[in-house]
Amino acid sequence: MNLPGIETLVKAPFAEGDVFIAGRWCAAEDGRTFPVHDPATAELIREVSAAGPGDAVAAVDAAQEAAAGWRTTPPRRRSEVLHTAFALMREHTDTLARLIVLENGKAYRDAVAEVGYAAEFFRWFAEEAVRIGSSFGDAPGGGFRHVVRRHPVGVTAFVTPWNFPAAMATRKIAPALAAGCPVLLKPAPDTPLTALAIAALMSEAGLPDGLLNVLPTDRAPEVVSGWLRDERVRKFSFTGSTATGRKLLEQAAANVVNVTMELGGNAPFVVCADADVDAAVRGAMDAKMRGGGEVCIAANRFYVHQSVAAEFTEKFAAAMTAVRAGAGLEEGVTLGPMINPTAVESIRSLVDDAVGRGAKVAARGSVPEGPGCYHPATVLVDVPEDARIMNEEVFGPVAPLATFTDEDELVARANATVHGLASYIYSRDVARALRIAERLESGMVGLNRGLLSDPAAPFGGVKQSGLGREGGREGIEAFLETQYIALDWPTG
């Protein structure tokens, strides 16, 4: 495929505009645009078309028109399109990764990993597409048969975040298309270009027009509320903050729209007395620093057993201090800028609050001088439980440490949050680790592992961290309806 190079993608990748509806690139209905900035320099990348309410309706029209043909397309054909999309993403890894670095800021190595992860959703759900089946059986009481069939839920609408502009899009797009559903996508205004590149790739992969419609905009309420009010939209999936998720749930309830919500996290990272401390430090760096800490499943609160606290703190502080911050494309950089100035100020506020309550700074890395949305890799110790950073999602490269001695107390402290997305435990005793894991109110747990996301596994949380699951076999279920047919016929 001739995907434009990074320079072309940045300057003007889509000649007629940046709104992608019914397989065509067009400007916003009223010609509005919004700016996208490079968080490493604060410089303007370019203006992007800002879709409005009329564009939202046009996208639903296109999706609804395309729905019938895709619904009846053989699963094998749907699978082939997704396999092709996987191959194209892998082929253009460097271009896509550079685009992610430019608009998101993350280090190039993290961006490359994201592209690989994002592509895997196309491969996984290409394989799941051909496994959607129906069942047939006799009624236990006799006299008739049960036919249970699965069919696509219908038009689907997605809102994705800026922290994984490729992976959060493909994690939703792939299962929807595999199930036979057309897609409406509104990417985050900080990172719209990656989603537009994915739309171009999907078109090249052979996806029929109207099945993927991408509407970048900085006026999300007008677009998303319009979709949720439209009775043709039957599935809505959102990844973002818990506060925004609550509001969207209220709107979705009006039309009883099927929803999946992947919301905020406040993940505990537990280091037991018998943990391999070196392994725990490596896992902590993975769980805390991937994507600069701007990750919903990032380790947010560190609970270290008192007997190993000094060793863990010394080694972890050394690893955090060694992190090299800078522009994501610079050689050797492992920590890029935060997404925008507001994010930096939010992180600083949480650190200041913790220090004001008695926490101490055990490590603070360096950041480049000059412009850019940087925050140093930071380790805090002796952090009290009432500090905001222990109760709010930090979404940045700051690790607050506290100690524990009693397992029951640990579990109570770890569960003392409205969130329940991810948790991490390090212990050489598998029985102890599993016992703690089963007591944690968390949708996902990493045991002796700081990276836990996998397209083949169900991703999601409990409590106010969300509803439903994405990825795994469960991921396609969200886009299927179940129909039961009671079947009888004359016997003579």
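Worth knowing before you read on, the calculation uses all heavy atoms, side chains too, and leaves out hydrogens, waters and symmetry mates.
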Quiz item: Mind checking whether Glu127 and Trp124 have side chains closer than 4.5 Å, heavy atoms only?
Solution: yes

Practice problem: Determine, stepwise, if the pair Glu43 / His37 fulfils side-chain contact (heavy atoms from CB on, under 4.5 Å). | Solution: CA-CA 5 Å; Glu43 294 178 355; His37 294 92; over 6 Å; no

Practice problem: Find out whether Arg46 and Asp18 are in side-chain contact, i.e. whether some heavy atom of one side chain is under 4.5 Å from a heavy atom of the other. | Solution: yes

Listed pairs under 3.5 Å, donor-acceptor, residues 291-298 side chains, sequence neighbours left out:
from: Glu294; atom 1: OE2; to: Ile339; atom 2: N; distance (Å): 3.0

Self-check item: Minimal non-hydrogen separation, Glu120 against Pro455, with atom names
Solution: CB-CG, 3.6 Å

Quiz item: Quick one: salt bridge (Lys or Arg N to Asp or Glu O under 4.0 Å) partners of Lys288, sequence neighbours excluded?
Solution: none

Self-check item: Separation of Met261 CE from Leu249 CG (nearest 0.5 Å)
Solution: 4.0 Å

Self-check item: Considering all heavy atoms, the nearest Leu82-Ala126 contact
Solution: CB-CB, 3.7 Å

Quiz item: Is a side-chain donor or acceptor of Thr342 paired with a backbone partner of Asn340 at a separation under 3.5 angstrom?
Solution: no

Self-check item: Glu222 side chain vs Gly52 backbone, donor-acceptor pair below 3.5 Å
Solution: no

Quiz prompt | CZ on Arg171 to OG on Ser453, rounded to 0.5 Å | solution = 6.5 Å

Quiz item: Does some side-chain heavy atom of Ile173 sit less than 4.5 Å from a side-chain heavy atom of Leu185?
Solution: yes

Quiz item: Is any side-chain heavy atom of Tyr108 less than 4.5 Å from a side-chain heavy atom of Glu330?
Solution: no

Quiz item: Between atom CD1 of Ile132 and atom CG of Leu480, what is the distance when rounded to the nearest 0.5 Å?
Solution: 4.5 Å

Exercise. Applying side chain to side chain contact (heavy atoms under 4.5 Å, CB included) between Glu231 and each of Asn255, Val257, Val60, report the one that passes.
Key: Asn255

Quiz prompt | CD-CZ distance between Glu470 and Phe125, expressed to the nearest 0.5 angstrom | solution = 8.5 Å

Quiz prompt | His375 and its side chain to side chain contact (heavy atoms under 4.5 Å, CB included) partner, picked from Ile347, Val367, Leu335 | solution = Ile347

Quiz prompt | Shortest non-hydrogen contact between Ser225 and Gln251, atoms and distance | solution = OG-OE1, 2.8 Å

Practice problem: Measure across Ser49 and Ala28 and return the closest heavy-atom pair with its distance rounded to 0.1 Å. | Solution: CB-N, 4.0 Å

Quiz item: Could you state the interatomic distance from NZ (Lys106) to OG1 (Thr191), rounded to the nearest 0.5 Å?
Solution: 9.0 Å

Self-check item: N/O donor-acceptor pair under 3.5 Å between Tyr426 side chain and Arg449 backbone
Solution: yes

Quiz item: Hey, does Asp61 have a side-chain heavy atom less than 4.5 Å from the side chain of Arg232?
Solution: yes

Quiz item: Under 30°, 30 to 60°, or over 60°: which ring-plane class applies to Trp25 and Phe20, parallel, tilted or perpendicular?
Solution: tilted

Exercise. With sequence neighbours excluded, tell me which residues meet side-chain hydrogen bond (donor to acceptor under 3.5 Å, both in side chains) with Asp454.
Key: none

Quiz item: Is any side-chain heavy atom of Trp70 closer than 4.5 Å to a side-chain heavy atom of Leu177?
Solution: yes

Quiz item: If you measure from the Lys or Arg side-chain nitrogens to the Asp or Glu carboxylate oxygens, is any gap between Asp286 and Arg282 under 4.0 Å?
Solution: no

Quiz item: In Å and rounded to the nearest 0.5 Å, what is the CD to OG1 distance from Glu262 to Thr160?
Solution: 11.5 Å

Quiz prompt | Listed partners of Lys247 passing salt bridge (Lys or Arg N to Asp or Glu O under 4.0 Å), at least two apart | solution = none

Quiz item: Ion pair present between Glu481 and Arg234, side-chain N to carboxylate O less than 4.0 angstrom?
Solution: no

Quiz prompt | Other residues, nucleotides, ligands: >12 heavy atoms within 6.0 Å of Arg90 CZ | solution = no

Validation: residues 206-216 side-chain donor-acceptor distances under 3.5 Å, sequence neighbours left out:
from: Asn213; atom 1: OD1; to: Ala22; atom 2: N; distance (Å): 2.9
from: Asn213; atom 1: ND2; to: Val183; atom 2: O; distance (Å): 3.2
from: Asn213; atom 1: ND2; to: Gly210; atom 2: O; distance (Å): 2.9

Exercise. Looking only at non-hydrogen atoms, find the nearest pair between Gly54 and Glu29 and report the distance.
Key: N-OE2, 2.9 Å

Quiz prompt | N/O donor-acceptor pair under 3.5 Å between Arg71 side chain and Gly180 backbone | solution = no

Exercise. Please check if the side chain of Arg301 supplies one atom and the backbone of Asn266 the other of a donor-acceptor pair under 3.5 Å.
Key: yes

Exercise. Find out whether Glu441 and Lys463 are in side-chain contact, i.e. whether some heavy atom of one side chain is under 4.5 Å from a heavy atom of the other.
Key: yes

Quiz item: For Ala343 and Met338, which heavy atoms make the closest approach, and how far apart are they?
Solution: CB-CB, 4.3 Å

Practice problem: Indicate yes or no for a side-chain donor-acceptor contact from Thr242 to the backbone of Gln464 under 3.5 Å, with no hydrogens or angles considered. | Solution: yes

Exercise. Check the pair Lys172 / Thr239 against side chain to side chain donor-acceptor pair (under 3.5 Å), numbers first and verdict last.
Key: CA-CA 10 Å; Lys172 299 177 190 297; Thr239 298; 2.9 Å; yes

Quiz item: Just by modelled atom types, is the Glu103 backbone N or O under 3.5 Å from a matching donor or acceptor in the Asp190 side chain?
Solution: no

Quiz item: Glu477 and salt bridge (Lys or Arg N to Asp or Glu O under 4.0 Å): which partner among Arg469, Lys235, Arg150?
Solution: Arg150

Self-check item: Qualifying residues under side-chain hydrogen bond (donor to acceptor under 3.5 Å, both in side chains), relative to Thr72, sequence neighbours excluded
Solution: none

Quiz item: For Thr73 and Val81, what are the C-alpha separation, side-chain angles and deciding distance, and is it a side-chain contact (heavy atoms from CB on, under 4.5 Å)?
Solution: CA-CA 11 Å; Thr73 295; Val81 171; over 6 Å; no

Quiz item: Does the side chain of Arg473 reach to within under 4.5 Å of the side chain of Arg131, using non-hydrogen atoms?
Solution: no

Quiz item: Are Phe395 and Trp162 near enough that their ring centres are under 6.0 Å apart?
Solution: yes

